[in-house]
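Below, each value reflects all heavy atoms present in this structure, side chains not excepted, and no hydrogens, waters or symmetry copies. What you see is a predicted model; the values in this text were computed from it and never measured. All chains are named by letter (A, B, ...) in the order of the sequence lines, taking the proteins before the strands, and each is independently numbered beginning at 1.
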Amino acid sequence: MHEMGIVLQIIETARAAIPPQLQGIQVKALNLRIGKLTAVVPESLRFCFNIARQDTVLAGASLRIEEVPIEAACRDCGERSIIETPPFTCSRCGGGDLAILSGRELIVTSLELADP
Amino acid sequence: MEIKVVRKVLAVNEQMAAQNRQLFAEKGVFTLNLMSSPGSGKTMLLEKTLGRLLPRVPTGVIVGDICTTNDAVRLARSGAPVVQINTDAFGGDCHLAAHVVREAAEDLDLAAIDLLIIENVGNLVCPAEFDIGEDLRGVVLSVTEGEDKPLKYPLMFRVCNFALLNKIDLLPHLQFDKERAIANIRAINPGLPIFEISAQTEEGFAPWLAWLEERVREKQQTNRQPEETGNGR
Ligand SMILES: Nc1nc2c(ncn2[C@@H]2O[C@H](COP(=O)(O)OP(=O)(O)OP(=O)(O)O)[C@@H](O)[C@H]2O)c(=O)[nH]1
Ligand SMILES: [Mg+2]
Ligand SMILES: [Zn+2]
């Protein structure tokens with residue numbers, strides 16, 4: 001629901017990452033990592049991105065989203081599990097006392113620029 | 001050519017939230033971020049909670065809605081200082097962001113309060129993603145919403161530090177399976193304190209109020225010993 005705000009942040013982050021001597025160059029692709037435990041739906045993000053990128057340095061950019069699984073470590077037995085759907089339980093002992101290791105990422109990792 | 005960036009998209013919000021957290025700590029204000037779906041009873045819970053805490057625990061309120069000042073009007077009747085945020089001025093956001101809370105906090109006399117309760121915009125999705133500088137996060141789930149909400153909105157129930165199961169006065173009229181709802185909350189967040197309450201009848205208020213007051217006291221103690229920096233997460 002707040003994907004448009006997130007997209008505007010992404011565009012700003014990308015814009016700020018382009019060094020001054022390369023300003024004006026077109027961005028070909030934008031790479032993102034999005035955890036599966038974030039409140040962000042990749043399809044909505046793409047939809048908003050396609051609207052918001054117009055008239056920005058990202059006008060011609062494609063969005064590459066790498067989804068990061070929810071990985072958790074059991075505080076009882078130490079097992080690391082990938083959680084596909086709730087409940088959040090250890091795949092070995094079934095315990096629920098888990099430390100979430102990944103899944104909350106919302107990161108711009110890199111930009112690919114057109115050749116100057 | 002590839003440019004490495006590796007920057008959190010919400011980095012700006014996180015920085016602002018950290019500044020808020022520091023401001024609230026300096027002023028010795030314990031801050032609560034209260035979230036839920038629309039109509040779970042956040043405002044009524046606050047009206048009744050304020051009625052029981054004031055004037056013993058000086059409390060201020062920030063209330064976020066997309067539009068209208070109805071909730072602020074209701075809450076102001078308690079005598080507490082209330083600041084309304086309408087997010088339509090900020091693009092109709094479905095959540096409160098840290099900079100918006102900061103602006104609202106500037107309209108409050110933080111030195112005069114020990115507790116700040118922030119009623120977030122009614123929404124179980126987006127507010128979970130945005131740190132606003134609170135000490136603790138609470139989610140209100142009302143018994144008219146269905147037992148499966150924790151499983152449908154796991155992020156919200158995972159990031160919260162306590163839950164309030166509200167409108168229990170209605171249980172006799174509903175098919176709601178309270179034990180299953182509680183099991184679903186615990187499936188996402190095992191140790192979560194859960195308070196079963198009715199904002200309408202104030203049933204279950206004593207444990208909730210005692211717990212809340214204890215958190216406020218703790219904050220004031222850590223404030224007197226600045227080397228201890230537990231923020232309760
Ligand atoms: N029966 C009953 N009704 C309640 C209770 N708590 C709240 N309500 C009713 O639920 C409705 C919504 O309550 P609000 O306090 O406005 O809910 P809210 O979460 O602040 O709503 P938004 O701010 O719009 O997200 C109102 O009609 C309240 O009277 C309760 O414990 N029992
Ligand atoms: Mg309300
Ligand atoms: Zn285990």
- With only heavy atoms counted, which part of A:Asp115 is less than 4.5 Å from chain B, the side chain, the backbone, both or neither? side chain
- Query: Is there side-chain contact between A:Ile107 and B:Val9, with heavy atoms separated by less than 4.5 Å?
  - Reply: no
- Message: Side chains of B:Met1 and A:Leu111, heavy atoms from C-beta outward: is any pair under 4.5 Å?
- Response: no
- Rounded to the nearest 0.5 Å, the CZ atom of B:Arg7 sits from the CD atom of A:Glu12 at a distance of 9.0 Å
- Message: Let's test your reading of the structure: which of A:Gly5, A:Ala14, A:Gly96 forms the most heavy-atom pairs below 4.5 Å with chain B?
- Response: A:Gly96
- Item | Partner chain B: residue of A:Pro87, A:Ser110, A:Ala114 with the largest heavy-atom pair count (under 4.5 Å) | A:Ser110
- Heavy-atom distance under 4.5 Å between the side chains of B:Val5 and A:Thr109, does that happen here? no
- Task: Sort B:Tyr153 into side chain, backbone, both or neither according to what part of it lies under 4.5 angstrom from a heavy atom of chain A.
- Result: neither
- Query: Are A:Val108 and B:Val6 close enough that some pair of their side-chain heavy atoms sits under 4.5 Å apart?
  - Reply: no
- Counting heavy-atom pairs under 4.5 Å to chain A, which of B:Leu151, B:Asn13, B:Val12, B:Asn184 comes out on top? B:Leu151
- Query: Quick one: what part of A:Leu22 sits under 4.5 Å from any heavy atom of chain B, side chain, backbone, both or neither?
  - Reply: side chain
Please list, one pair per line, the donor and acceptor atoms closer than 3.5 Å that link side chains of residues 190-198 of chain B to other protein atoms, with sequence neighbours excluded.
| from | atom 1 | to | atom 2 | distance (Å) |
| --- | --- | --- | --- | --- |
| B:Glu196 | OE1 | B:Lys178 | NZ | 2.7 |
| B:Ser198 | OG | B:Asp169 | OD1 | 2.8 |
| B:Ser198 | OG | B:Gln200 | N | 3.2 |
| B:Ser198 | OG | B:Thr201 | N | 3.0 |
| B:Ser198 | OG | B:Thr201 | OG1 | 3.1 |

- Query: Quick one: CE on A:Met4 to SG on B:Cys94, what's the gap to the nearest 0.5 Å?
  - Reply: 12.0 Å
- Message: I want to check something: taking the side chain as every heavy atom from C-beta on, are A:Thr85 and B:Pro154 in contact at a cut-off of under 4.5 Å?
- Response: no
- Message: Please classify the contact of A:Thr89 with chain B as side chain, backbone, both or neither, using a heavy-atom distance under 4.5 Å.
- Response: neither
- Among A:Leu106, A:Thr38, A:Thr13, find the one that has a side chain to side chain contact (heavy atoms under 4.5 Å, CB included) with B:Leu10. A:Leu106
- What do you reckon, is CD of A:Gln21 surrounded by more than 12 foreign heavy atoms closer than 6.0 Å? yes
- Between B:Glu129 and A:Arg104, is there a side-chain N and carboxylate O pair less than 4.0 Å apart? yes
- With a 4.5 angstrom heavy-atom cut-off, could you sort out which part of B:Arg158 is near chain A: side chain, backbone, both or neither? side chain
